[in-house]
Amino acid sequence: MKSKTYILEMFPYPSGNIHMGHVRNYVIGDISARYHKLKGDEVVHPMGWDAFGLPAENAAIQFDTHPQDWTLKNIESMKSQLQKLDLDLDWDRELATCNEDYYRHQQELFVDLFNAGLAYKKDALVNWDPVDQTVLANEQVIDGKGWRTGAPVEKKVLSQWFFKITDYAEELLNDLDGLSLWPEKVKTMQRNWIGKSTGAEINFSIIGAGNSLNIFTTRPDTIYGATFIALSVNHKIVNQLLSQDEIKKIKSDFDKIIDEKDKRGIPLKIKCKHPLLDKELPVYIANFVLDNYGEGAIFGCPAHDDRDYDFAQKYSIPIIKVIECDDKELPFSGDGIVINSPILDGLSKNDAINKIINYFEKNKIGKKSINYKLRDWGVSRQRYWGCPIPVIYYDDGSYRVLDKSELPVVLPYDVNLNGKGNALLGHENWRKLICPKTNQTAYRETDTLDTFVDSSWYYIRFLNNKNNKPFDINDVNRFLPVDKYIGGIEHAILHLLYSRFFMKALRDIYKLNVSEPFKQLFTQGMITHKTYKNDTDWVMPRDVAIKEGNLIDIRSQALVTEGPSEKMSKSKKNVVEPDEILDNYGIDATRIFMISDSPPDRELEWTDEGIQSSKNIINRIERYFQNRQTTINDETIKNVEKYVFEIEKNILNFSLNKCVANIYTLFNKLEKSKVYLGENKISEKILICLFPILPRLSSKIYENLFHKEIVTTTWPDVDKNLLLENKLELPIQINGKFSSTISTKKGYKEDNLLKAVYELDKVKNRLSNKKIRKVINVQDKIINIITD
RNA sequence: GCGCCAGUGGCGGAAUGGUAGACGCACUGGUUUUAGGUACCAGCGGGCAACCGUGGGGGUUCAAGUCCCUCCUGGCGCACCA
């Protein structure tokens with residue numbers, strides 16, 4: 001059986017237009033796909049559309065159209081733009097997540113997840129984006145603002161669906177170690193996001209009340225230094241002690257704090273008992289205690305924690321040192337010897353942690369605990385244009401997840417979109433139904449799934465996009481994981497973490513053999529372009545010219561200043577349109593420029609000179625092959641062999657900029673030597689190697705020379721014997737510094753060669769009046785002569 | 001603040017511990033062309049030279065852009081995570 005290679009570029013949102021970033025992304029993948037096809041692999045290289053999501057709803061309201069019409073039209077126009085790029089894609093695998101034949105299977109997976117206990121509903125304090133009028137996942141809140149709208153996120157209690165990604169926290173963390181072909185950076189970001197910390201959960205009883213509260217800490221060794229307790233304002237005990245109005249007031253006071261590091265506390269009437277000492281600890285509500293981490297409560301040990309120290313200073317709370325250190329060093333959070341702690345004195349930090357946890361467990365005060373920053377994934381979105389959640393509700397408030405036989409729940413087309421709230425809520429005919437099982441009146445869930453659910457399994461659906469089941473288990477086991485997944489680093493956490501979770505959850509539900517969806521992840525760099533500005537506005541680079549040494553706007557003659565090269569964006573007017581570039585320079589020049597000037601994982605600066613020189617090398621190659629003489633010599637054969645080898649190596653490493661350098665060097669040599677190849681095996685080798693990068697050019701020349709299609713050939717084997725060069729320009733160093741080279745052959749005899757070396761002028765001069773102490777000969781590599 | 005990554009000509013970038021600057025761009029001179037956003041030839045780190053040069057300082061090594069320590073600068077990510 002052929003070996004398989006699954007190459008995938010992150011599928012686009014159908015905004016209507018492809019941009020140069022897409023082009024770079026898809027060209028990188030396409031080079032790989034074409035190479036693997038020539039190698040004879042069974043290549044999967046699909047393309048589809050991440051087609052649900054808010055922009056469609058916003059556009060529908062703005063342009064008086066329908067999200068579906070808008071989306072389908074965009075898909076059509078983007079598809080035709082993509083086809084102009086002539087990418088080697090499996091269009092028969094195409095899918096769009098907004099189509100019923102995609103999302104109906106997603107509803108099935110939802111049922112599976114529910115039955116497996118991995119989807120559940122609960123009241124939750126959620127992130128509410130007031131502009132988009134929807135809930136956001138924790139991952140979608142950046143600096144307290146919505147990831148799309150930038151609006152400050154509000155906290156709201158809503159009944160929401162969640163996926164239990166936390167069940168997989170440990171595995172998601174551990175399996176990162178096995179992803180050797182992922183960028184370290186992405187793995188680090190995921191590790192930080194999962195945020196595992198080990199410590200203890202300690203129980204503090206509230207004096208005079210029957211109850212107690214739990215606190216998570218990573219520093220149980222500092223328990224004897226505890227001098228206060230602080231709670232998040234959302235802690236349930238606060239809810240019992242204060243009225244809603246009081247809580248509201250505190251929250252709004254906290255919200256008004258401008259300095260984010262400012263510590264504020266509100267003392268509560270209760271006191272906690274220190275679990276080990278006969279001592280009362282005051283209890284505060286504090287603004288710096290997070291409600292969504294640990295237990296939403298801390299014990300404060302001011303001597304050994306920066307935040308607790310600030311707080312204690314401000315509210316005159318005692319500071320008790322329990323780790324040996326100089327008073328000047330306070331707060332000291334490092335390692336040290338424990339003091340002032342009856343049963344821990346003299347121990348190191350780690351020993352003290354172990355001992356105190358044992359003691360807690362024996363005395364039922366607390367226990368060892370592992371805490372994750374990762375929360376369960378909230379997937380409910382109060383929007384129309386998404387996958388309906390297959391759940392119905394009864395009048396008594398109970399609900400039922402539909403059976404697979406009752407699917408799909410089809411998203412209705414006839415909705416009234418006005419931008420206020422969820423259009424599905426207003427669609428009574430769709431919402432209301434008689435439950436076939438109970439004959440009761442029921443109402444459909446009107447929330448739809450986060451679109452990150454859609455993209456969490458699309459790479460699986462590509463394998464069987466027309467199957468009437470979500471996927472075929474045999475095909476999943478055969479074709480997954482994706483061998484090379486190419487896309488932007490902006491998905492380092494959200495999409496990639498969710499997909500990893502889905503793969504593992506589906507593995508457990510369907511007994512699949514695949515645990516990780518993406519074997520290799522390659523994150524391509526963005527495309528930048530010079531920016532220009534006049535007094536009031538950005539100016540398009542094409543409108544800028546030099547006049548009398550000054551940059552001017554050719555439309556108004558106004559002076560223009562040049563800014564840095566920045567990511568292409570419409571607002572900065574520094575975009576170039578793929579259509580225009582393709583028309584002016586052709587597909588191959590565009591392709592080779594996308595990989596020319598910098599490594600594919602770094603930024604690429606768009607320049608007019610760059611795209612022009614890409615066009616020039618294509619013309620040069622074409623001209624070269626117009627000479628049909630055959631004047632091959634041994635050196636040419638060796639050279640070609642060498643560059644075939646290099647090009648292959650560099651394609652496999654994604655060192656595509658080096659591939660381009662290989663092509664230039666090869667043709668520089670061929671042209672310089674005036675050797676022509678004609679209809680020869682050597683021509684064939686070169687053209688096949690060029691094919692992944694320059695498919696149009698190489699297939700045209702190939703067909704002219706050999707009268708058959710280049711795709712019917714296979715990638716040439718490299719004759720390793722030809723790579724072995726016998727002649728050698730051996731470098732000579734004196735005291736480790738380069739002096740000169742000497743022509744010789746591999747396998748030279750050191751003694752014989754040294755005689756000739758000492759006769760070299762440069763060597764003679766440098767060695768005069770000096771005594772040779774020793775000679776280092778690294779055979780066939782270098783000779784280093786050491787003097788006194 | 002914490003964590004990653006990176007500092008090499010005018011610019012983008014090459015260099016399994018072994019001739020630093022491959023390849024491209026820009027630039028300079030020349031040839032062809034009515035003309036050229038074309039093509040071709042030559043040059044292109046600094047210095048007249050010996051030599052000196054990979055952010056600074058130390059170290060390991062016969063040999064360091066590459067390995068180790070330390071500092072500086074820039075970028076990215078996280079950020080009151082108990």
Side-chain angles (χ1 to χ4, degrees), chain A residues 142-143 183-197 199-200 202 215-220 222 230 232 260-263 286-290 292-301 304-308 310-311 333 371-374 489-490 492-493 528 565 584-585 592-593 596-599 601-605 607-617 619-620 623 646 655 657-668 671-672 729-742 762 765-766 773-778 780-787:
Chain A
I142 296 146
D143 290 336
E184 268 322 307
K185 187 177 170 175
V186 174
K187 288 190 278 186
T188 305
M189 284 166 74
Q190 291 212 357
R191 280 189 194 105
N192 291 341
W193 188 262
I194 294 167
K196 179 180 180 176
S197 40
I202 306 174
I215 281 173
F216 173 77
T217 178
T218 55
R219 293 295 303 273
T222 63
S232 152
E260 285 183 2
K261 298 279 172 190
D262 192 11
K263 306 281 183 290
N287 67 328
F288 67 96
V289 180
L290 303 172
N292 56 359
Y293 183 78
E295 302 288 328
I298 61 153
F299 76 74
C301 176
H304 305 291
D305 182 282
D306 296 356
R307 299 151 301 183
D308 299 348
D310 291 347
F311 191 78
S333 54
N371 196 51
Y372 298 91
K373 204 178 90 175
L374 183 70
I489 190 132
E490 65 273 19
I493 293 175
T528 66
S565 197
N584 290 339
Y585 297 95
I592 201 169
F593 182 54
S596 282
D597 282 0
S598 42
D601 55 348
R602 283 199 222 165
E603 282 182 2
L604 173 75
E605 184 176 5
T607 59
D608 292 343
E609 292 83 2
I611 182 73
Q612 182 58 47
S613 84
S614 297
K615 181 70 185 163
N616 294 346
I617 183 67
N619 291 339
R620 267 173 68 193
R623 239 178 287 125
E646 291 290 326
S655 300
N657 56 322
K658 288 189 241 168
C659 265
V660 176
N662 296 149
I663 293 171
Y664 272 97
T665 315
L666 175 60
F667 280 92
N668 287 350
E671 286 168 341
K672 192 148 199 162
E729 282 293 311
L730 189 75
I732 309 298
Q733 292 181 339
I734 293 171
N735 294 326
K737 300 246 182 233
F738 172 75
S739 170
S740 99
T741 61
I742 188 164
K762 289 217 165 186
N765 289 340
R766 293 255 301 254
R773 181 147 53 94
K774 84 179 172 186
V775 175
I776 311 266
N777 173 42
V778 184
D780 299 343
K781 274 268 163 126
I782 201 161
I783 285 179
N784 190 7
I785 300 164
I786 313 300
T787 66

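All chains are named by letter (A, B, ...) in the order of the sequence lines, taking the proteins before the strands, and each is independently numbered beginning at 1. Given the structure is predicted, the values throughout are model-derived calculations rather than measurements.
- No N or O donor and acceptor, one from the side chain of A:K185 and one from the base of B:C76, sit under 3.5 Å apart.
- For the OP1/OP2 pair of B:A39 and a distance below 4.0 Å, the side-chain nitrogens and oxygens of A:N619 include no atom meeting the criterion.
- Among the heavy atoms of the strands, none lies under 4.0 Å from A:E605.
- With rounding to the nearest 0.5 Å, the separation of CG in A:N657 from CD1 in A:I592 is 11.5 Å.
- Distance check on atom P: B:A63 versus B:G53 gives 15 Å, rounded to whole Å.
- Mapping A:S596 and A:L290 onto RNA chain B by nearest heavy atom places A:S596 at the nucleotide closer to the 5' end.
- Taking atom C1' in both B:U73 and B:C40, one finds a spacing of 44 Å when rounded to whole Å.
- Of the listed nucleotides (B:A82, B:U19, B:C78), B:C78 has the atom at the smallest distance from the side chain of A:K373.
- Among the protein residues, A:E184 comes within range of no part of the nucleic acid, since none of its heavy atoms lies under 4.0 Å from any strand.
- Annotated as anti: B:G10, whose glycosidic dihedral deviates from 0 by more than 90°.
- Rounded to whole angstrom, the span from the CG atom of A:N777 across to the C1' atom of B:C62 amounts to 12 Å.
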* To do: Would you please test A:D305 and A:I298 for side-chain contact (heavy atoms from CB on, under 4.5 Å) and show each step?
  => CA-CA 11 Å; A:D305 182 282; A:I298 61 153; over 6 Å; no

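- The nucleotide whose nearest atom lies closest to any side-chain atom of A:R623 is, among B:G18, B:C40, B:C62, B:C40.
- Comparing B:A15 with B:G9, their C1' atoms are spaced 15 Å from each other, to the whole Å.
- Taking atom P on both B:A50 and B:U61, the two are 31 Å apart, rounded to the nearest angstrom.
- Separating the CZ atom of A:F667 from the C1' atom of B:C40 is a distance of 18 Å, rounded to the nearest angstrom.
- B:C11 sits 23 Å from B:G43 when the P atoms are compared, rounded to a whole Å.
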* Apply the test side-chain contact (heavy atoms from CB on, under 4.5 Å) to residues A:E605 and A:D597: give CA-CA distance (whole Å), side-chain angles for both, the deciding distance (0.1 Å), then the verdict. => CA-CA 8 Å; A:E605 184 176 5; A:D597 282 0; over 6 Å; no

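- In this structure, A:Q612 atom CD and B:A39 atom P are separated by 7 Å, rounded to whole Å.
- Closest to the side chain of A:N657, out of B:C62, B:A14, B:A82, is B:A14.
- Residue order along RNA chain B, read from the 5' end via each residue's closest nucleotide, puts A:R602 first among A:R602 and A:N292.
- In this structure, A:V775 reaches neither bases nor backbone, as no heavy-atom distance under 4.0 Å exists between it and the strands shown.
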* To do: Produce a footprint string for nucleotides 23-29 of chain B: one letter per nucleotide, 5' end first; B if the base is under 4.0 Å from any protein heavy atom, S if only the sugar-phosphate is, - if neither.
  => SSSS---

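- A:N735 and A:R773 share no donor-acceptor pair across their side chains, judged by distance under 3.5 Å alone.
- Nucleotides B:U31 and B:G36 place their C1' atoms 15 Å apart, quoted to the nearest Å.
- For A:K737 and B:C51, the shortest distance from a side-chain N or O to OP1 or OP2 is not below 4.0 Å.
- Judged by the 6.0 Å and 45° rule, A:K263 forms a cation-pi pair with A:F288.
- The interatomic distance linking A:M189 (CE) with B:C2 (P) rounds to 20 Å, in whole Å.
- Side-chain proximity of A:N784 to B:G18, B:A14, B:A82: nearest is B:G18.
- Residues A:N619 and A:R623 are in side-chain contact: their nearest non-hydrogen atoms beyond the backbone lie under 4.5 Å apart.
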* For RNA chain B, just give me the dot-bracket, please: Watson-Crick or G-U, both distances below 3.5 Å, ( ) intra-strand, [ ] crossing earlier pairs, | paired with another strand, . unpaired. => (((((((..(((.....[....))).(((((.......))))).((....))..(((((..]....))))))))))))....

* To do: Quick one: do A:I489 and A:K185 satisfy side-chain contact (heavy atoms from CB on, under 4.5 Å)? Show the steps, please.
  => CA-CA 9 Å; A:I489 190 132; A:K185 187 177 170 175; 4.0 Å; yes

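- For the C1' atoms, the distance linking B:U8 with B:G55 amounts to 10 Å, nearest Å.
- Atoms CD and CZ, from A:Q733 and A:F738 in turn, are 9.0 Å apart once rounded to the nearest 0.5 Å.
- Residue contacts shown for A:S614 are absent, as no nucleic acid heavy atom lies under 4.0 Å away.
- Between A:R620 and A:N616, every side-chain heavy-atom pair lies at or beyond the 4.5 Å cut-off.
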* To do: Applying side-chain contact (heavy atoms from CB on, under 4.5 Å), run through A:Y293 and A:S232 and close with a yes or a no.
  => CA-CA 10 Å; A:Y293 183 78; A:S232 152; over 6 Å; no

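- Using a 4.0 Å heavy-atom distance criterion, A:K263 is classed as a base contact.
- Nucleotide B:G1 holds its C1' atom 13 Å from the CG atom of A:D305, rounded to whole Å.
- Contact check for A:F593 versus A:V660: no side-chain heavy atoms found under the 4.5 Å cut-off.
- Among the heavy atoms of the strands lying under 4.0 Å from A:Y585 is at least one base atom, whether or not backbone atoms are also near.
- Note: CD (A:Q190) to P (B:C78) measures 13 Å, nearest angstrom.
- Taking atom CZ of A:R191 as the reference point, atom C1' of B:G3 lies 12 Å away to the nearest angstrom.
- Atom pair A:K774:NZ and B:U61:P shows a separation of 11 Å (rounding to whole Å applied).
- Note: A:D608 CG to A:S613 OG = 11.5 Å, rounded to the nearest 0.5 Å.
- Between B:A49 and B:C4, the distance separating the two C1' atoms is 46 Å to the nearest Å.
- Distance from the side chain of A:E671 is smallest for B:C40 among the nucleotides B:C40, B:G3, B:A82.
- At a cut-off of 3.5 angstrom, the base of B:G12 holds no donor-acceptor pair with the side chain of A:E603.
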